[in-house]
Amino acid sequence: MKIASWNVNSLKVRLPQVLDWLKQSEPDVLAIQEIKLTDENFPVAEIKAAGYEVVYSGQKTYNGVAVLARQPLTDIVTDIPGLEDPQRRILAATIGPVRVLNLYVVNGQEVGSEKFAYKLRWLSKVKAYIQKQLSEHNYLVVLGDFNIAPEDRDVYDPELWREKILCSSQERGVLGEIMALGLKDTFRYFESGGEHYSWWDYRAAGFRRNLGLRIDLILANDALMRLAIAAGIDREPRGWERPSDHTPAWAEFNISN
DNA sequence: ATGGTGGACGATCCA
């Protein structure tokens with residue numbers, strides 16, 4: 001089972017690229033973030049025609065998440081206990097034996113800002129939900145745009161980004177707490193080196209110069225991690241015409257469905 | 001030089 005994550009930065013603009021990527025990469029599950037459209041405007045027919053079932057939690061202009069899968073998606077959750085939030089950032093679904101939790105983590109703008117406080121609050125509620133999900137499911141994947149670079153090797157210039165948003169000790173601390181519940185970074189199970197990124201700023205020719213951060217993560221619980229056979233980041237879509245600023249990350253597990 | 005680009009939307013907000 002191949003599971004992928006991609007912040008598409010507007011599904012309206014990126015739908016053709018999503019369909020192209022599905023065809024060439026053949027994931028069993030694709031979690032997408034920042035669809036930036038309402039449920040009424042979700043392109044269900046196009047995605048079904050590509051051979052995928054889909055569930056979504058949309059919002060006008062900002063945020064919005066969806067999960068595409070070759071098999072039925074069940075037990076859908078879009079709101080979690082203790083988090084009254086109009087922003088559509090969470091979508092949990094079960095596909096075959098695997099529970100999938102798709103997250104569009106709050107960006108946070110700047111360390112110490114009101115949005116930063118919201119980010120930490122949001123993460124603490126999500127952490128509690130993940131703890132509960134771990135106790136209820138044999139196989140759990142938590143994936144998405146985490147808006148946190150886990151370590152310095154995930155950042156093109158760690159000194160420039162030291163204690164900045166996406167890299168601060170507080171953000172890394174909460175991510176560490178979440179992973180300590182029993183989740184591992186699938187990418188790091190297979191690749192220990194630096195210069196592997198999933199997001200490059202549109203500005204300052206970030207992609208051309210590989211000035212990126214690895215902030216799109218696929219975490220798996222220990223039982224599922226034992227079945228992991230590969231993980232990676234597909235840089236190709238970031239080089240396409242009119243790209244998202246993120247590129248897809250993926251992980252493959254030795255389970256048939 | 002406090003910039004740059006991109007999406008949504010229709011003046012700014014968000015990333």
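Being a predicted model, the structure only gives us computed values, none of them experimental. In what follows, chains carry the letters A, B, and so on, assigned in the order in which the sequence lines appear, proteins first and then strands, with residues in each chain numbered from 1.
Note on residues 144-163 of chain A: pairs passing salt bridge (charged side-chain N to carboxylate O under 4.0 Å, His left out), not counting sequence neighbours, are A:Glu151-A:Arg153, A:Asp152-A:Arg162, A:Asp152-A:Arg172, A:Asp154-A:Arg188, A:Asp154-A:Arg214, A:Glu159-A:Arg162.
Taking atom P in both B:dT12 and B:dA1, one finds a spacing of 26 Å when rounded to whole Å.
The distance from atom CZ of A:Arg14 to atom P of B:dG6 is 10 Å, rounded to the nearest whole Å. Taking atom CZ on A:Arg208 and atom P on B:dG6, their separation rounds to 13 Å, with Å as the unit. A:Lys12 places its NZ atom 7 Å from the P atom of B:dA8, with the value rounded to the nearest Å. The separation between A:Lys60 atom NZ and B:dG7 atom C1' is 13 Å, rounded to whole Å. Here B:dT5 presents its P atom at 13 Å from CZ of A:Arg238, a figure rounded to the nearest Å. Residue A:Ile35 contributes atom CD1, which lies 14 Å from atom C1' of B:dA8 at whole-angstrom precision.
Within 6.0 Å of the OH atom in A:Tyr189, the count of heavy atoms belonging to other residues, nucleotides or ligands does not exceed 12.
Partners of A:Leu83 by side-chain contact (heavy atoms from CB on, under 4.5 Å), not counting sequence neighbours, listed by chain and number: A:Ile80, A:Asp85, A:Ile90, A:Trp122, A:Lys125.
A:Asn9 and A:Tyr202 share a side-chain donor-acceptor pair at under 3.5 Å.
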Between the protein and nucleotides 12-15 of chain B, which nitrogen or oxygen pairs are less than 3.5 angstrom apart?
| unit_1 | atom_1 | unit_2 | atom_2 | d |
| --- | --- | --- | --- | --- |
| B:dC13 | O2 | A:Tyr62 | OH | 3.3 |
| B:dC14 | OP2 | A:Lys115 | NZ | 2.9 |
| B:dC14 | O5' | A:Lys115 | NZ | 3.4 |

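A:Leu22 has its side chain out of reach of A:Glu26: every pair of non-hydrogen atoms, C-beta onward, lies at least 4.5 Å apart.
Contact between the side-chain N/O atoms of A:Arg242 and the OP1/OP2 oxygens of B:dT5 is not found at any separation under 4.0 Å.
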Practice problem: For salt bridge (charged side-chain N to carboxylate O under 4.0 Å, His left out), just list the numbers for A:Glu110 and A:Lys115, CA-CA rounded to whole Å, side-chain angles, deciding distance to a tenth of an Å, and then say yes or no. | Solution: CA-CA 7 Å; A:Glu110 191 182 351; A:Lys115 286 175 186 167; over 6 Å; no
